[in-house]
Amino acid sequence: MFPTLLVMLTFAVLYWFPIRRWMSRWGATPSDLSRVMAGDSLLVDPTYSGTMAVIVNATPEDIWPWLVQIGYQRGGLYSYDWLDRLFGYLDRPSATRILPEFQHLAVGDEIPLGRGPSWPVAVIEPCHALVLDMRNMGGFDWVWQFGLYTVDEERTRLVSRSHVRTQTVWARLFTYAIEPAGFLMTRRMLLGVRERAEVLRAGCTDTHGDRRTA
């Protein structure tokens, strides 16, 4: 009994300190962590804050179209499609080309997410910032934002930041439980956007053709 408890305690300590810290800032530089993003003021004093980032070998103009078309019956989420479809968040694989009909996103629009709640758009700055405001969601508030920051003529930092504030003990425990899954799905989404933008940059994707799925 004691060895089992010791193993569980060791795992809990390792997860809570180095592993959880690493997940909450995967790929992010000190500049990414300290930078002020467009939606930061929407949710102050979060109980959880995570900033993740990737460098994309493409310009913001190559990345932006993929972000604005995310969502159910839109471009998808570019993550693990089989999981998103299994849980009803998507009904088809994520798009591998730009969909012109979903390129006109505005503040106040709602991005659908299958059986989940829609994501209201709070801030949109073309080729720079997209902020989704999901506050007042039954026990917790969530502001999820994406930022594009030019590194040089050929590279851009794609940054994802989540601020969460829980309102009940149960909501906080729930967010702790889903943090590993959220990390895996967000990481894969960033990589999925990077892959698509780099293909677009290389001129291998028709930006105005019909939808093609992965």
Side-chain angles (χ1 to χ4, degrees), residues 37-39 42-43 50-54 56 58 60-138 140-148 156 158-164 175 178 181-200 205-214:
M37 296 182 67
L42 293 176
L43 186 58
T51 301
M52 303 169 63
V54 293
V56 184
E61 289 77 13
D62 299 315
I63 304 168
W64 184 253
W66 303 103
L67 291 178
V68 297
Q69 70 181 28
I70 62 172
Y72 176 77
Q73 296 186 337
R74 293 167 55 89
L77 296 175
Y78 318 123
S79 187
Y80 295 105
D81 283 342
W82 67 274
L83 275 177
D84 286 322
R85 296 171 73 185
L86 178 66
F87 289 105
Y89 298 126
L90 297 181
D91 66 336
R92 66 196 72 176
S94 296
T96 56
R97 62 174 58 196
I98 293 172
L99 309 176
E101 64 270 32
F102 298 124
Q103 292 301 306
H104 306 288
L105 199 63
V107 171
D109 288 347
E110 292 192 350
I111 297 174
L113 188 63
R115 69 176 59 170
S118 295
W119 297 341
V121 177
V123 177
I124 188 163
E125 300 174 10
C127 298
H128 178 60
L130 173 62
V131 180
L132 307 178
D133 182 5
M134 293 164 282
R135 288 175 291 177
N136 303 312
M137 292 179 57
F140 67 95
D141 299 322
W142 179 22
V143 173
W144 189 16
Q145 53 184 322
F146 300 91
L148 300 178
T156 304
L158 167 59
V159 179
S160 165
R161 176 174 292 168
S162 285
H163 280 174
V164 178
T175 59
I178 65 173
F183 160 74
L184 292 173
M185 299 300 286
T186 302
R187 175 184 177 277
R188 182 65 194 124
M189 181 184 187
L190 294 177
L191 295 176
V193 172
R194 182 176 73 179
E195 292 165 3
R196 288 163 171 81
E198 290 181 350
V199 168
L200 176 61
T205 298
D206 175 7
T207 64
H208 298 290
D210 295 332
R211 181 183 183 126
R212 184 182 67 200
T213 56

>> If I compare all heavy atoms of W66 with all of Y78, which pair ends up nearest, and what's the gap?
In response: O-OH, 2.7 Å
> How close do G76 and L90 get, heavy atom to heavy atom, and via which atoms?
Replying inline: CA-CD2, 3.7 Å
> Once you round to the nearest 0.5 Å, how far does CE of M37 lie from CD of Q145?
Replying inline: 4.0 Å
> Closest approach of A95 and R196, non-hydrogen atoms and distance?
Replying inline: O-NE, 2.7 Å
> Ignoring hydrogens and geometry, is there a side-chain-to-backbone donor-acceptor pair from Q73 to D91 under 3.5 Å?
Replying inline: no
>> Can you tell me how far apart NE2 (H163) and OG1 (T51) are? Round to the nearest 0.5 Å.
In response: 6.0 Å
>> Rounded to the nearest 0.5 Å, what separates atom CG in L191 from atom CE in M189?
In response: 11.5 Å
>> Let's go through L158 and R194 carefully: what are the C-alpha distance in whole Å and the side-chain angles of both, what is the deciding distance for side chain to side chain contact (heavy atoms under 4.5 Å, CB included) to 0.1 Å, and is it a yes or a no?
In response: CA-CA 8 Å; L158 167 59; R194 182 176 73 179; 5.7 Å; no
> Can you list the steps and then say if L132 with V121 is a side chain to side chain contact (heavy atoms under 4.5 Å, CB included)?
Replying inline: CA-CA 5 Å; L132 307 178; V121 177; 4.1 Å; yes
>> Is the shortest side-chain heavy-atom distance between M52 and S162 below 4.5 Å?
In response: no
>> If the condition is side chain to side chain contact (heavy atoms under 4.5 Å, CB included), which residues does P126 pass it with, not counting sequence neighbours?
In response: W64
Which pairs would a plain distance check flag for residues 104-115, meaning a side-chain donor or acceptor within less than 3.5 Å of a matching protein atom at least two apart in sequence or in another chain?
{"unit_1": "D109", "atom_1": "OD2", "unit_2": "A106", "atom_2": "N", "d": "2.8"}
{"unit_1": "R115", "atom_1": "NE", "unit_2": "F87", "atom_2": "O", "d": "2.9"}
{"unit_1": "R115", "atom_1": "NH1", "unit_2": "F87", "atom_2": "O", "d": "3.4"}

> Do the side chain of R74 and the main chain of I70 share a donor and acceptor less than 3.5 angstrom apart?
Replying inline: yes
>> Testing the basics here: between V56 and A197, what is the closest heavy-atom pair and its distance to 0.1 Å?
In response: CG1-CB, 3.9 Å
> What orientation do W142 and W144 show, parallel under 30°, tilted 30 to 60°, or perpendicular over 60°?
Replying inline: parallel
> How far does OG1 of T156 sit from NE2 of H128, to the nearest 0.5 angstrom?
Replying inline: 12.0 Å
> Could you state the interatomic distance from CG (L83) to CZ (R188), rounded to the nearest 0.5 Å?
Replying inline: 12.0 Å
> What heavy-atom pair brings A38 and V131 nearest, and what distance separates the two atoms?
Replying inline: CB-CG2, 4.0 Å
> How many angstroms lie between atom CD of E195 and atom OG1 of T96, to the nearest 0.5 angstrom?
Replying inline: 11.5 Å
> Is a donor on one side and an acceptor on the other found under 3.5 Å between the side chain of D62 and the backbone of L200?
Replying inline: no
>> Are L42 and R135 packed together at the side-chain level, in the sense that at least one heavy-atom pair is separated by less than 4.5 angstrom?
In response: yes
>> Which heavy atom of L99 sits nearest to which heavy atom of Q69, and what is that distance?
In response: N-OE1, 2.8 Å
